[in-house]
Amino acid sequence: MQKIKTLLIEALAKIDGTDAKLLELTAATQLAFGDFQTNVAMQHAKKLKKNPRELAQEIIQAIPENDILQSVEVAGAGFINLRVRPEVLGAEVVQLGQDTNLGIPQSGKGQRVVIDYSSPNVAKTMHIAHLRSTIIGDAIKRLHLASGYEVIADNHIGDWGTQFGKLLVAYKTFPKPEDISEDSIEYLEKLYQNFNNRAESEPELQEQARAELVSLQKKEEPNYSLWKQFIQTSLKEFDEVYQRLGIQFDTVHGESFYNDQLQSLVDELKHKELIRESEGAQVAFFENDQYPPCVIQKGDGAFLYATTDLATVRYRIQTYQPKRIIYVTDSRQKLHFEQFFSIAHRAGWHCDMQHVMFGLMKFAEGVVMSTRKGAVIPLRDLLDEAEKRAFQVLEFVDYPDDEKKEIARVVGLGAVKYQDLSQNPASDIVFQWDKALNLQGNSAPYLHYAYARVRGIYAKHQEKFPEDSLENASIVPQLEIERDLCLYLLQFGSVVHRATQTCKPNLLADWLFGAASRFAAFYNQAPILKEESSAIRHSRLRLAMVFSQCMKQGLYILGMDTLERM
Ligand code: ARG
């Protein structure tokens, strides 16, 4: 596109009164008309008092001689349709396959981003509601890495708060929950539930919990050690899930990490006149009451969620000088982020702060998630179920059991991730097994299959033509469907770029689905192994290989593995 633009700019320069800034080049809406089109003649016609079709013709005449374009034509009310020579298009695709970044602009070079995601609360089983933050956050991380950014992935776990007072009371004074190992998260969860159940009829328990919390905040023993133990138990469990999902963090700075910085934070905000006393508390107010007031420190000296987040921003900016900080949480926290972003900006802690919000995840059967009532589906169980169902599909496939298990693992996890990532993060989503594991529609198995299919074709080709090498093979698209696939693959880099900038992995998911569908159509019409002309066979196989490279990289960015056969 860039090369064609250059030719058109040169052409416009030869015509008085034209402005190259008005030049827009887009992919053609219908391949039959060309590969690209521009309405630049229509843009100028009025100003230059010319007939748009005639002006289009004039621009075409002025295009310098070149070996890129095959044909240029006027169409409709004055559009210019351009078609690229097939060997030029093919050469671009060969080059794409040879580029280590597969055409992804390295726009993040030399810049840092901090991504705050997953961030579950300690002493509770990680469940479905944490899944979206973990999966979307990881895809955003991988998008930024692919675009050349240096990424700091931070798991801002909720490891401080009133729940520990309750846990300490239950741990120290309640009978031990039976049949549950003490160093498991279920044990802590049971304690917490027992506390809430009993507190309804024994209000004095709340008072005790507050006292235990104060003692913990003073780092008194045994509370401080017990608290550490609860965290270790939780992290051990979280790590199991992360490992399964292929998720890695660079830092796990939970809320407690910032405890010692909270008083100085309040002092700094006071000094900058960003908070003031109101009814005994320290409160931030907003211009024109754009947001409700935000309490930064309570009358009794206690700090809040927003206080920690402000200390966290200050720390991250001082420590990492990031270009961007991205937070991934559900949309119910929208106001919280708007409030503390506004305070942080006024405090002079500048960087591009983005809250990537997502909607709720529901189950098709209508199961609603809730941490309190115990109607929780642990994440672990969902992943087990996904693998089990994927394995069932393979029941009659004649592969060794180990391989079937590995396929089921990749497809099952891929299905859970893709079901989420293929939808706009902001929407509420309904998790449906039949949709997630469908082999036909926009689903993980469909994409896995498209990739494995090319690998299969390649392996067969090696077998059938062991002497053949693709190294010097050129791609020359002949059929319309081949052109279409070439043009589509060439968009890979710009799609990844856009998905990174907007923090929308679903743009990449859409592209992958489009690529897999085009590949299926291509393979239908353009056989590879049966083709007798070796030049055509090589061209098609090489095109299929570049397709598979983009698929592998695209799936990798979405956190999905690939399979050599399925
Ligand atoms: N622990 C919080 C929760 O589960 C999410 C934290 C998100 N990150 C942040 N910096 N506030 O709701």
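On a predicted model such as this, the values are computed, not experimentally measured, just so you know.
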*asked:* The test is side-chain hydrogen bond (donor to acceptor under 3.5 Å, both in side chains); show your working for Asp116 and Ser119 and say whether it passes.
replied: CA-CA 7 Å; Asp116 174 325; Ser119 311; 3.1 Å; yes
*Before giving the answer on side-chain hydrogen bond (donor to acceptor under 3.5 Å, both in side chains), spell out for His144 and Arg324 the whole-Å C-alpha distance, their side-chain angles and the decisive distance to 0.1 Å.*
CA-CA 11 Å; His144 280 82; Arg324 255 177 147 182; 2.8 Å; yes
*Sidechain N-carboxylate O distance under 4.0 Å for Arg244, Asp384*: yes
_Side-chain donor/acceptor of Arg542 to backbone N/O of Leu470, under 3.5 Å_ = yes
*Between Arg85 (side chain) and Asp67 (backbone), is there a donor-acceptor pair under 3.5 Å?*
yes
*asked:* If you count every heavy atom of other residues, nucleotides or ligands that lies below 6.0 Å from Gln501 atom CD, does the total exceed 12?
replied: yes
*Might you confirm whether atom NZ of Lys14 has over 12 heavy atoms from other residues, nucleotides or ligands at distances under 6.0 Å?*
yes
*asked:* Looking only at the side chains, is there a donor atom on one of Ser443 and Asn438 sitting less than 3.5 Å from an acceptor on the other?
replied: no
*Just by modelled atom types, is the Gly103 backbone N or O under 3.5 Å from a matching donor or acceptor in the Asn101 side chain?*
no
_Greater than 12 external heavy atoms within 6.0 Å of Lys404's NZ_ = yes
*For the rings on Phe522 and Phe519, is their centre-to-centre separation under 6.0 Å?*
yes
*To the nearest 0.5 Å, what is the distance between CG (Leu508) and CZ (Arg142)?*
12.0 Å
_Looking at every heavy atom in both Pro445 and Val411, which two are closest together, and how far apart are they?_
CG-CG1, 4.0 Å
*For side chain to side chain contact (heavy atoms under 4.5 Å, CB included), just list the numbers for Leu82 and Leu25, CA-CA rounded to whole Å, side-chain angles, deciding distance to a tenth of an Å, and then say yes or no.*
CA-CA 10 Å; Leu82 308 105; Leu25 188 67; 3.8 Å; yes
*Under the side-chain hydrogen bond (donor to acceptor under 3.5 Å, both in side chains) criterion, do Thr329 and His355 qualify, and how do the steps go?*
CA-CA 8 Å; Thr329 81; His355 179 207; 2.8 Å; yes
_Flag side-chain contact, heavy atom, 4.5 Å: Phe391 against Glu387_ = no
_Test: Glu564 and Arg455 ion pair at under 4.0 Å_ = yes
*Kindly indicate, with the supporting measurements, whether the criterion salt bridge (Lys or Arg N to Asp or Glu O under 4.0 Å) is fulfilled by Arg565 and Glu403.*
CA-CA 10 Å; Arg565 66 172 187 169; Glu403 188 180 351; 2.8 Å; yes
*asked:* Between Ser133 (side chain only) and Val328 (backbone N and O only), is there a donor and an acceptor less than 3.5 Å apart?
replied: yes
_Please determine whether side chain to side chain contact (heavy atoms under 4.5 Å, CB included) holds for the pair Cys503 and Val356, giving the CA-CA distance in whole Å, both sets of side-chain angles, and the decisive distance to 0.1 Å._
CA-CA 7 Å; Cys503 293; Val356 175; 3.7 Å; yes
_Atom CD of Gln98: over 12 foreign heavy atoms under 6.0 Å_ = yes
*Start with the C-alpha gap between Ile185 and Phe238, add the side-chain angles, then the distance that decides, and say whether side chain to side chain contact (heavy atoms under 4.5 Å, CB included) holds.*
CA-CA 10 Å; Ile185 212 156; Phe238 295 162; 4.1 Å; yes
*Determine yes or no for a side-chain-to-main-chain donor-acceptor pair under 3.5 angstrom, with Ser494 supplying the side chain and Gln491 the backbone.*
yes
*Think Arg112 forms a cation-pi with Tyr320, using NZ or CZ under 6.0 Å from the six-ring centre and within 45 degrees of its axis?*
no
*asked:* Just verifying a value: how many Å separate Leu131 CG and Lys417 NZ, rounded to the nearest 0.5 Å?
replied: 9.5 Å
*Measure the acute angle between the ring planes of Tyr242 and Phe249, then classify it against the limits of 30° and 60° as parallel, tilted or perpendicular.*
perpendicular
_Test your reading of the model: is there a side-chain donor-acceptor pair from Gln423 to the backbone of Gln419, 3.5 Å cut-off?_
yes
_Backbone of Ile247 reached by a side-chain donor or acceptor of Asp138 within 3.5 Å_ = no
*Measure the CG-NE2 distance between Asp330 and His130 for me, rounded to the nearest 0.5 Å.*
9.5 Å
_Is it the case that the ring center of Tyr327 lies less than 6.0 angstrom away from the ring center of Tyr117?_
no
*Can you measure from OG (Ser184) to NZ (Lys236) and round to the nearest 0.5 angstrom?*
7.5 Å
Let me check something: any side-chain donor-acceptor pairs from residues 543-556 under 3.5 Å, sequence neighbours excluded? List them with distances.
unit_1	atom_1	unit_2	atom_2	d
Ser548	OG	Met545	O	2.7
Gln549	NE2	Gly97	O	2.9
Lys552	NZ	Thr562	OG1	3.4

*asked:* Salt bridge check, Glu73 against Arg83: does any charged N sit closer than 4.0 Å to a carboxylate O?
replied: no
*Report yes if the side chains of Asp99 and Ile104 come closer than 4.5 Å at any heavy-atom pair, otherwise no.*
no
*Side-chain contact test, heavy atoms from C-beta onward, threshold under 4.5 Å: evaluate it for Arg540 versus Glu531 and give yes or no.*
yes
_Taking Arg380 first and then Glu186, would you say they form a salt bridge - that is, a charged N and a carboxylate O separated by under 4.0 Å?_
yes
*Check whether any side-chain heavy atom of Ile475 lies under 4.5 Å from a side-chain heavy atom of Cys486, and answer yes or no.*
yes
*Just by modelled atom types, is the Glu24 backbone N or O under 3.5 Å from a matching donor or acceptor in the Thr38 side chain?*
yes
*Side chains of Pro322 and Ile152 in contact at under 4.5 Å (non-hydrogen atoms)*: no
*With Leu558, the side-chain contact (heavy atoms from CB on, under 4.5 Å) member among Leu421, Asn506, Leu143*: Leu421
_One thing to verify: whether Glu480 and Arg483 come together as a salt bridge, which I'm taking to mean a side-chain N less than 4.0 angstrom from a carboxylate O._
no
_Gap between atom CG of Leu23 and atom CD1 of Ile59 - 0.5 Å precision_ = 9.0 Å
*asked:* Evaluate His253 against His156 for side chain to side chain contact (heavy atoms under 4.5 Å, CB included), listing each step before the verdict.
replied: CA-CA 5 Å; His253 289 168; His156 187 79; 5.6 Å; no
Show me the donor-acceptor pairs within less than 3.5 Å that the side chains of residues 457-464 make with the rest of the protein, sequence neighbours left out.
unit_1	atom_1	unit_2	atom_2	d
His461	NE2	Arg537	NE	3.3
Lys464	NZ	Leu529	O	3.1

_Would you say CD of Gln392 has more than 12 non-hydrogen atoms from neighbouring residues, nucleotides or ligands within 6.0 angstrom?_
yes
_If you count every heavy atom of other residues, nucleotides or ligands that lies below 6.0 Å from Asp434 atom CG, does the total exceed 12?_
yes
*asked:* Counting C-beta onward and ignoring hydrogens, is there a side-chain heavy-atom pair between Lys3 and Glu92 closer than 4.5 Å?
replied: yes
*How about Trp511 and Leu489: do any of their side-chain heavy atoms sit closer than 4.5 Å?*
yes
*Under a 4.5 Å cut-off applied to non-hydrogen side-chain atoms, are Tyr523 and Val454 in contact?*
no
*Mark yes or no for whether Gln30, through its side chain, and Ala28, through its backbone, hold a donor-acceptor pair below 3.5 Å.*
no
*asked:* Within this structure, what is the CZ-CD distance for the pair Arg316 and Gln321, rounded to the nearest 0.5 Å?
replied: 14.5 Å
*Please answer whether the main-chain N or O of Val476 pairs with a side-chain N or O of Ser539 as donor and acceptor at a distance below 3.5 Å.*
yes
